[in-house]
There are 4 protein chains.
Amino acid sequence: MANNVDIQESGKRELILEGALKVFSQKGFHGATVEEVAEVAGVGKGTVYLYFGSKTDLFVSVVEEKLKELQEVVMERLQNTEGACAKLALSIKLHWEFFNRSREFVKVILSDLSGLEKELDERTREARAGFIGVLESVIEEGIGHGEFKDVEPRMAAYAIEGAISFVAFENLVNEVSTPSIPDVSQLVDFCLNGLCC
Amino acid sequence: MANNVDIQESGKRELILEGALKVFSQKGFHGATVEEVAEVAGVGKGTVYLYFGSKTDLFVSVVEEKLKELQEVVMERLQNTEGACAKLALSIKLHWEFFNRSREFVKVILSDLSGLEKELDERTREARAGFIGVLESVIEEGIGHGEFKDVEPRMAAYAIEGAISFVAFENLVNEVSTPSIPDVSQLVDFCLNGLCC
Amino acid sequence: MANNVDIQESGKRELILEGALKVFSQKGFHGATVEEVAEVAGVGKGTVYLYFGSKTDLFVSVVEEKLKELQEVVMERLQNTEGACAKLALSIKLHWEFFNRSREFVKVILSDLSGLEKELDERTREARAGFIGVLESVIEEGIGHGEFKDVEPRMAAYAIEGAISFVAFENLVNEVSTPSIPDVSQLVDFCLNGLCC
Amino acid sequence: MANNVDIQESGKRELILEGALKVFSQKGFHGATVEEVAEVAGVGKGTVYLYFGSKTDLFVSVVEEKLKELQEVVMERLQNTEGACAKLALSIKLHWEFFNRSREFVKVILSDLSGLEKELDERTREARAGFIGVLESVIEEGIGHGEFKDVEPRMAAYAIEGAISFVAFENLVNEVSTPSIPDVSQLVDFCLNGLCC
DNA sequence: CATGAATGAGATTTCATTCAT
DNA sequence: CATGAATGAAATCTCATTCAT
């Protein structure tokens, strides 16, 4: 059904992915139509199905792509950084910047995908887990080095991810067009040191 | 068109609200059908429209109802508690318990609502803001009393809400049926004191 | 199914008929709802079904009632009138006045009833034929007395009915609030003597 | 939403229009379903919406199409005719023939359209006015040339239109399959010279 | 007799997906 | 490879009708 691989290099796939990101971001998964994605991407409607098995597959692919992108950026930048605290701070900053670069991507991530076919659902989970994994290992490292408390790393990772996502989403909704850097510092500080003085 | 008020007390409204919660939780807003909600609620399809103006209105009503419920519980319990830290800790605990009592409600909250009609969208935002407001004022109080750092209260509130929601969601997805108490303590500690030792 | 007879005298039937006339006139057969008719009539929705077998039955009854009313008025007034020309002129005038008294009744008459059940359809046809019959006999009389040409009476009757209806309808649509008497004279003259000088 | 233009020539539009004419004629606007129109036209249900914005748009388009057709035929034939009387007579004949060629179209014209959306309603009115306009100008010409009495042209036009429509409708209902030519002459004579000897 | 809450058949419309060109 | 006209499944919502009170 999905023959999204064995196709010649022509750049169309990327075009569609970009169009999809835009449209999904603006209208959400259900609000978007394949036709509009095709239009924005500048290809025919049928072409979308040449590169992606279904609308859902397209959506998941966008998420995968973006999340992988973020994951890679973070992992790369993390190599030149020492100390779990610094690493975590950097991760959060990059994450935050990422959310503000591709503005409305948060919406995409928070989209209602309940009822995805198993396989697609699996892929989303994996993509997300992939990125969360980065946070997790930083946390684990921090715990090992005595920098962080002995918490459940995964839970901590999700807590951080949630904090970033919700704040980013809130900023979006309230049209805070250029979220200031202080915001991030506060967020970083919140994650590292909590609210108490 | 929506005459969701002036109808005799018969419990049907509550029945529908409960059914809707179940179905929306399992299938999300778009995955759910009014027909199924009606079935689960044990009423006719038309009856749903007797109490709610539209599927969207029903959805928003579910969110409002639940969020208000949580808000009230928290506010009440907060009155017998001294100290911003204690208050925040309690809020988080109650919030957490709430998410686990009406299990899959997180999903509903995280649903993709892009494209709701303005008025309904407004209602959702308000309901959410209402609950967030409770957190906000606790934080403000804490800042005033010198218990908390001088952060942007709203941002902090969203960060906390996000942390709870994502962890709850993760637990759900991973089928951790009875989220242990340690989890909450860790979450509370994360919010109050952060990750660092 | 239709037990519109054996019910005590309580005036409700008339109330409903009046309400129905109003609502059907304003919204047409399909645009009207039984609920609104009941409201306007000041009775419960169920009560309508106590006096009329169905929405369609109600509609047909309104038409019957009104047409019979017109028919009777015309027949009565015709008795004191001599000469087919004078009789026809009077018929047209009364018809016209009738249409303007119960203003929008033309709409009701012109309503789309395609697909009525046989029995109801029959009743409408009969009611209409009843009134048309009056015109017909006047025309027949005129032909017999040498006042009118030897035309097919029924055709002539329908032509006249059509002329009146369409002009009345046009007046309605164009919001000519108080159709002047000259209008009728012109219409009468048109029917009697045609357009030519 | 309605992209009833920019689609390749494939005859489908005409097919649908024809199917719609048939179905609307038999069942009226409300009695007809888009599904049946599609079936009769031999296309898929969705295809109807490819060519027409809505059921109402389809209906109005049928009316427009047919009325324009009639209007054009009449206008063309009128050019080779001298004298307002002759012109009017010809108009009536053509109108009559038209009604009998596309048999049940009268029903469509007489359909209950109460509650059409404004824009569509406007279109129907315009289409009708277009054709009525032809009659009007013939009448005006006749008045100017002293052939016709000094009546209100529009009223006269509607009276004539009404006469033709009702007679045609009656013929239809009574299943007078092949309305004889004498009928038309009588109708023409009625319009020109009235009923009186 | 009167009522109106409850019902569900049925209609319009959208849109992901296919396939002939 | 690319396209977009065609399709029909599916979902929301309306409203005539019933029936328990």
Side-chain angles (χ1 to χ4, degrees), chain A residues 1 3 7-8 10 12 30-39 42-58, chain B residues 1-3 6-10 12-13 30-39 42-58, chain C residues 1 3 7-8 10 12 30-39 42-58, chain D residues 1-3 6-10 12-13 30-39 42-58:
Chain A
M1 230 148 271
N3 43 350
I7 284 184
Q8 238 165 284
S10 70
K12 287 246 158 78
H30 289 99
T33 67
V34 174
E35 182 147 36
E36 193 179 354
V37 170
E39 256 170 40
V43 305
K45 205 193 320 180
T47 308
V48 173
Y49 287 87
L50 236 42
Y51 291 88
F52 301 92
S54 67
K55 183 189 180 185
T56 307
D57 176 34
L58 173 57
Chain B
M1 234 145 265
N3 43 349
D6 53 335
I7 284 184
Q8 239 164 280
E9 181 59 45
S10 68
K12 285 260 190 323
R13 203 189 123 91
H30 291 99
T33 70
V34 173
E35 185 145 35
E36 192 178 356
V37 169
E39 257 168 40
V43 303
K45 202 196 322 177
T47 308
V48 173
Y49 288 89
L50 217 55
Y51 291 87
F52 300 92
S54 66
K55 183 189 179 185
T56 309
D57 177 34
L58 173 58
Chain C
M1 229 149 269
N3 43 352
I7 285 183
Q8 238 164 284
S10 68
K12 288 244 158 73
H30 289 99
T33 69
V34 173
E35 183 146 36
E36 194 179 354
V37 169
E39 257 169 38
V43 302
K45 207 194 320 180
T47 309
V48 173
Y49 287 86
L50 236 42
Y51 291 88
F52 301 92
S54 68
K55 184 190 181 185
T56 309
D57 176 34
L58 173 57
Chain D
M1 232 146 265
N3 42 352
D6 54 337
I7 285 184
Q8 241 163 279
E9 182 59 43
S10 69
K12 285 259 189 328
R13 204 189 122 91
H30 291 98
T33 69
V34 173
E35 185 145 37
E36 193 179 355
V37 169
E39 259 169 38
V43 304
K45 204 192 324 178
T47 309
V48 173
Y49 288 88
L50 219 54
Y51 290 88
F52 301 92
S54 67
K55 183 189 180 185
T56 308
D57 177 35
L58 173 58

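So you know, we letter chains A, B, ... as the sequences are listed, proteins then strands, and number each from 1. Bear in mind that the values here come from a model prediction, so they are computed numbers and not experimental data.
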Checklist outcome for this item: Per nearest nucleotide of DNA chain F, the residue lying toward the 5' end, C:Thr33 or D:Gly42, is D:Gly42
Checklist entry - For the side chain of D:Lys12, counting heavy atoms from C-beta on, which of E:dT13, F:dC13, F:dT7 is nearest? => result F:dT7
Item to check | Separation of atom NE2 in D:His30 from atom P in F:dC15, rounded to whole Å | outcome: 10 Å
Checklist outcome for this item: On DNA chain E, more 5' by nearest nucleotide between C:Gly44 and D:Lys45 is C:Gly44
Item to check | Closest listed nucleotide, where the reference is the side chain of B:Val34 and the choices are F:dT7, F:dC1, F:dT12 | outcome: F:dT12
Checklist entry - Between atom CD in D:Glu35 and atom P in F:dT7, what is the gap in whole Å? => result 13 Å
Checklist entry - How would you label the contact of D:Thr47 with the nucleic acid (heavy atoms, under 4.0 Å): base, sugar-phosphate, or nothing? => result base
Item to check | Rounded distance (Å) that lies between atom P of F:dG8 and atom CD of D:Glu39 | outcome: 10 Å
Next on the checklist: So which atom in A:Ala38 and which in A:Lys45 form the shortest heavy-atom distance, rounded to 0.1 Å?
Outcome noted: CB-CA, 3.8 Å
Next on the checklist: Taking any heavy-atom pair under 4.0 Å as a contact, classify B:Ala38: base, sugar-phosphate, or nothing.
Outcome noted: nothing
Checklist outcome for this item: In short, A:Tyr49 meets A:Lys55 closest at the heavy-atom pair OH-N, 4.4 Å
Checklist entry - To the side chain of B:Tyr49, which of E:dT13, F:dT14, F:dT7 is closest? => result F:dT14
Item to check | Separation of E:dA2 P from C:Phe52 CZ (nearest whole Å) | outcome: 12 Å
Checklist entry - If you measure from CZ on D:Arg13 to CG on D:Leu58, what distance do you get to the nearest 0.5 Å? => result 9.0 Å
Checklist outcome for this item: Ranking E:dA2, E:dA5, F:dA5 by distance to the side chain of D:Tyr51, first place goes to F:dA5
Checklist entry - What is the base-pairing partner of E:dA11, counting Watson-Crick and G-U wobble geometry with both distances under 3.5 Å? => result F:dT12
Checklist entry - Under 3.5 Å, is there a donor-acceptor pair between the side chain of A:Ser54 and the main chain of A:Asp57? => result yes
Checklist entry - For the pair made of CG in B:Leu50 and P in E:dG8, what is the distance, rounded to whole Å? => result 13 Å
Checklist entry - Contact class for B:Val48 (heavy atom, under 4.0 Å): base, sugar-phosphate, or nothing? => result nothing
Checklist entry - In whole angstrom, what separates B:Lys55's NZ from F:dC13's P? => result 8 Å
Checklist entry - Does F:dA20 have a Watson-Crick or wobble partner in any strand here, with both distances under 3.5 angstrom, and which is it? => result E:dT3
Checklist entry - Tell me: CD of D:Glu36 to P of E:dA11, nearest whole Å? => result 10 Å
Checklist entry - CG of D:Leu58 versus C1' of E:dA11: gap in Å, rounded? => result 15 Å
Checklist entry - Between OG1 of D:Thr33 and CD of D:Glu39, what distance do you get to the nearest 0.5 Å? => result 7.5 Å
Next on the checklist: Go nucleotide by nucleotide along DNA chain F from the 5' end; which of D:Val43 and B:Gly46 gets its closest nucleotide reached first?
Outcome noted: D:Val43
